[in-house]
Amino acid sequence: MKKFMDENFLLETATAQDLFHNHAAKMPIIDYHCHLIPEMVANDHQFRSITELWLGGDHYKWRAMRTNGVDEKYCTGTETSDWEKFEKWAETVPYTFRNPLYHWTHLELKTAFGIDKQLSPATAREIYDECNEKLRQPGYTARGFMRRYNVECVCTTDDPIDDLRYHKQTRESGFEIKMIPAWRPDKAMNIEKPDYAEYVNKLGEVAGVTINKFQDMMDALQNRHDFFTANGCKLSDHGIEEFYDDEYTDSQIETIFEKAMRGQQLSTLEIHQYKHCILTKMAEMDYDADWTQQYHYGAIRDNNSLMYKQLGPDTGFDSIGEFTTAKAMSRFLDHLNSEHKLTRTILYTLNPCANEVIATMLGNFQDGSCPGKIQFGSGWWFNDQLDGMTRQMNALSVLGLLSRFVGMLTDSRSFLSYPRHEYFRRLLCNLLGNDVEKGLLPDDKESLYRMVEDISYNNAKNYFKF
C-alpha cells in the first residue's frame with residue numbers, strides 16, 4: 001500500500017518522479033490570476049491565527065462545512081471564535097475524502113507548516129496550536145508565504161475604480177516579488193444590476209469625467225485603463241455567464257445606457273447588446289495597450305440571495321446552451337480578429353463539456369504572431385482538481401499544443417493556495433511520465449525537461465511579457 005501524500009504523491013512512474021522533482025518543482029511561480037488582498041501584501045500582514053489565514057475567505061471550505069451540516073455562524077459568523085470555526089472545519093475534513101479539499105488541506109499543512117498529520121477532531125487542537133505558534137514567528141506573514149513558495153509574480157484582480165495604492169506601496173517598499181494589478185471591469189458591464197448608476201457615478205468621480213452619456217462612460221474607462229497601464233497592468237479579466245454576439249448600433253447603446261441610468265428596466269436583448277458592446281470596446285483597449293485578456297465564462301453567480309458572502313456558482317451551461325455560447329464566442333473573436341484587434345486571449349470554462357469546444361476554437365484564431373496566442377485556461381473553479389485539470393490538459397493535448405500552455409494559477413484569496421501549482425505540476429509530470437513508460441512518447445529527456453519547465457514557468461513568463 002502506498003503511503004498517503006509521500007514525496008511521490010500523484011507520481012506513478014520513475015519518469016514522472018524525475019520530471020517533477022528535478023525540473024517542475026524547482027521552477028518559480030507566476031500566479032497570473034488570483035484574488036489576494038493587495039493591502040495584506042503591502043503591509044506584510046501578520047495573521048492572528050490559522051483560522052484567519054485558512055478560513056477567512058475560503059468559500060470552498062465554507063461550502064463543504066455547510067454541506068456537512070455546520071451552522072453558518074461557524075463559517076462567516078462574527079459571534080464564534082477562531083478556535084470554534086477551526087474545530088468545525090476539522091470535523092468536516094474526514095468527510096471530504098475524494099474531494100480536492102482533502103488533498104489541498106494536507107498539502108498546505110505539509111508545505112507551509114511541516115505538519116504530516118491528518119486533520120481530524122482528534123488532531124485539531126494539536127494542529128491548531130502548532131500552526132498558531134509558527135504564525136507568530138518571522139517568515140509566516142503574507143510576504144513570508146510568498147517567499148516560501150518561490151513566487152516571482154502575482155496578478156491581483158482589481159476594479160477600474162481602485163486607486164492601486166497598495167500596489168504602489170509594495171513596489172516602493174523594495175519587495176522583490178512583483179504584485180501587478182489586473183483589470184476586472186465586470187461592474188462597468190453588468191448594466192442589469194440595481195446599483196449600476198451608482199457605480200457609473202463613482203467611476204466618473206475617480207476618472208475626473210462627468211458621465212452623462214455612453215461616450216463619457218467610455219472616456220472614463222479609457223482614463224482608468226491608461227492609469228492601470230501606468231501602474232504596470234498587463235492583463236484584464238472578465239467574469240461572464242456567456243459570450244454575446246447580439247448586433248447593436250451606437251444609438252441603441254446610448255438609449256440603453258440612458259435607461260439604465262434612469263433606473264428603467266431593460267429587456268434581455270438590451271442587456272446582451274450592451275454587454276457585447278462593452279466587451280468589444282474593452283478588448284480593443286486591451287489590444288491597443290498590448291495586454292492579455294482573460295474570459296472566465298459559464299458561472300451562474302449569486303444563486304442564493306441569503307448567502308451574502310458565498311461566492312459560488314451552482315452550475316454551468318447545458319450542452320444546448322454551450323453550443324449557443326460557442327457560436328457567440330466564435331463571432332466575438334472573429335470580429336476582433338477581422339478588425340485586427342484580437343490580443344493574446346485566455347478562455348476558461350466552468351463546464352468541462354466545453355473543453356473540446358474551446359480547445360478546437362483556439363486553432364481558429366492562432367495567427368503565428370506568438371506561440372499559443374489563444375490559450376485554453378487551466379481547469380477553473382470547481383475544475384481545478386485532479387480530474388478537471390487532467391481533462392483540460394488531455395483536451396488541449398489532442399486538439400492543440402500542450403507544450404505552449406501557460407500553466408496553472410491559484411484563482412484564490414489565500415496565501416496558502418500556492419500548493420495548487422505543485423498539485424498541477426505533479427499531474428502534468430504524471431501524464432507525461434505515464435506516456436513515456438507506456439511507449440506513447442519517446443524517452444527524450446531534453447524535450448521532456450524543457451516541456452515541463454516551460455509549462456510550469458517559462459511559457460507564462462514569455463506570454464505575459466513580465
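Computed from heavy atoms alone, side chains included, the values below leave out hydrogens, waters and symmetry copies.
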Identify whether the distance between the nearest side-chain nitrogen and carboxylate oxygen of [X] and [Y] falls below 4.0 Å.
X: Lys275; Y: Glu192; answer: yes
X: Lys178; Y: Glu152; answer: no
X: Arg48; Y: Asp82; answer: yes
X: Lys61; Y: Asp58; answer: yes
X: Asp195; Y: Lys193; answer: no

Practice prompt. Would you tell me whether Glu84 and Ser81 have side-chain atoms, one donor and one acceptor, within less than 3.5 Å of each other?
Written response: yes
Worksheet item: Is the Lys NZ or Arg CZ of Arg425 less than 6.0 Å from the centre of Phe20's six-membered ring, within 45° of the axis?
Response: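 So Arg425 doesn't make the cation-pi contact.
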Fill in: Partner of Trp183 by side chain to side chain contact (heavy atoms under 4.5 Å, CB included), out of Asp159, Thr229, Leu221
Leu221
Ring center gap for [X] and [Y] short of 6.0 angstrom:
X: His33; Y: His35; result: yes
X: Trp104; Y: Tyr60; result: yes
X: Tyr297; Y: Tyr295; result: no
X: Phe415; Y: Tyr149; result: no
X: Phe47; Y: His45; result: yes
X: His296; Y: Trp381; result: no

Discussion item. With side chain to side chain donor-acceptor pair (under 3.5 Å) as the test, pick out the partner of Gln293 among Asp237, Thr343, Thr345.
Written reply: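 Single pass found, and it is Thr345.
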Discussion item. Please give me the minimum heavy-atom distance between Arg143 and Ser173, naming the atom from each residue.
Written reply: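 Scanning both residues completely, I find the closest heavy atoms to be NH2-OG, 3.1 Å.
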Item to complete: Might you point out which heavy atoms bring Phe376 and Ala359 nearest each other, and give the distance in Å?
Response: CD2-CB, 4.1 Å
Worksheet item: Of the options His335, His238, His272, which is the one that meets Tyr244 in a ring pair (Phe, Tyr, Trp, His ring centres under 6.0 Å)?
Response: His272
Worksheet item: Which residues pass the side-chain contact (heavy atoms from CB on, under 4.5 Å) test with Glu356, sequence neighbours left out?
Response: Ala395, Leu399
Worksheet item: Sequence neighbours excluded, which residues qualify as side chain to side chain donor-acceptor pair (under 3.5 Å) partners of Lys88?
Response: none
